[in-house]
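In what follows, a structure is listed as structure tokens, so that the remarks can point back to it.
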Amino acid sequence: EAGVTQFPSHSVIEKGQTVTLRCDPISGHDNLYWYRRVMGKEIKFLLHFVKESKQDESGMPNNRFLAERTGGTYSTLKVQPAELEDSGVYFCASSPPSGSGGANVLTFGAGSRLTVL
Amino acid sequence: LAKTTQPISMDSYEGQEVNITCSHNNIATNDYITWYQQFPSQGPRFIIQGYKTKVTNEVASLFIPADRKSSTLSLPRVSLSDTAVYYCLVGDKYSGAGSYQLTFGKGTKLSVIP
């Protein structure tokens with residue numbers, strides 16, 4: 001079974017540019033999460049999709065961040081315009097549908113490292 | 001959300017059993033205790049989850065006393081490949097239809113020495 005795939009593994013951009021990160025969850029996982037670790041900090045929740053709907057976006061830092069999951073399959077996280085403090089590692093995770101068992105066990109991708117210069 | 005406290009780091013020789021204890025004094029009745037493992041340049045990986053008493057799987061054991069104010073992750077006969085950061089998580093934030101908002105702390109950095 002393929003795991004959670006994230007692309008790119010590393011992106012280096014200049015302040016003010018735009019970056020789009022992509023996540024392909026495990027097939028059949030309705031739940032998709034974005035987390036991030038900024039430099040020296042702990043891993044923090046950003047948002048949660050159930051299929052194509054945003055269930056909880058309380059962790060999104062500001063309106064420069066836009067997450068989408070059209071069709072309820074893969075998801076993208078766009079940062080526009082990027083700022084220096086956005087540098088860090090962005091993790092995507094997915095889990096099975098609620099009620100199917102295992103919904104609270106998240107499978108994480110390897111992360112996308114973002115460096116903003 | 002229940003706050004967790006665990007050692008910052010631990011060292012162990014290969015072949016030894018490692019026990020990492022996590023304190024969670026404010027654990028709520030409905031909270032589960034979950035441990036994740038993270039290797040460098042990888043995302044966290046689920047190890048084990050429990051509610052009370054003892055849980056064992058092919059990777060580890062989780063011991064939870066009756067008061068549930070702490071838990072101990074036990075790794076039998078560690079190898080060099082077990083070197084990683086181990087996170088204890090308690091009380092995923094549950095909102096409405098189900099948003100498991102994991103709260104990561106600093107974790108315990110385990111170094112296995114040859």
Which bit of B:Tyr36 is near chain A, if near means a heavy-atom gap under 4.5 Å: side chain, backbone, both or neither?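 Answer is side chain: those atoms of B:Tyr36 sit under 4.5 Å from chain A.
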Considering all heavy atoms, the nearest [X]-[Y] contact:
{"X": "A:Glu42", "Y": "B:Phe104", "answer": "OE1-O, 3.2 Å"}
{"X": "A:Tyr35", "Y": "B:Leu102", "answer": "OH-N, 2.8 Å"}
{"X": "B:Gly43", "Y": "A:Phe91", "answer": "CA-CE2, 3.5 Å"}

Quick check on the hydrophobic clustering: are [X] and [Y] connected, directly or via other members, by side-chain heavy-atom contacts under 4.5 Å?
{"X": "B:Leu80", "Y": "B:Leu110", "answer": "yes"}
{"X": "B:Trp35", "Y": "B:Val78", "answer": "yes"}
{"X": "A:Val105", "Y": "A:Ile43", "answer": "yes"}

Checking one residue: A:Ile13. Which other hydrophobic residues are in its cluster under the side-chain 4.5 Å linking rule?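 Cluster partners of A:Ile13: A:Val19, A:Leu21, A:Leu32, A:Trp34, A:Leu46, A:Leu47, A:Phe49, A:Met60, A:Phe65, A:Leu77, A:Val79, A:Leu84, A:Tyr90, A:Leu114, A:Val116.
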Give the other cluster members for A:Leu117, using side-chain heavy-atom distances under 4.5 Å between Ile, Leu, Val, Met, Phe, Trp and Tyr residues; answer none if it is isolated.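 Reading the cluster by chain and number, A:Leu117 sits alongside A:Val12.
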To the nearest 0.5 Å, what is the distance between CG (B:Leu89) and CG (A:Asn104)? 11.0 Å
Side chain / backbone / both / neither for A:Arg37 at chain B, heavy atoms under 4.5 Å: side chain
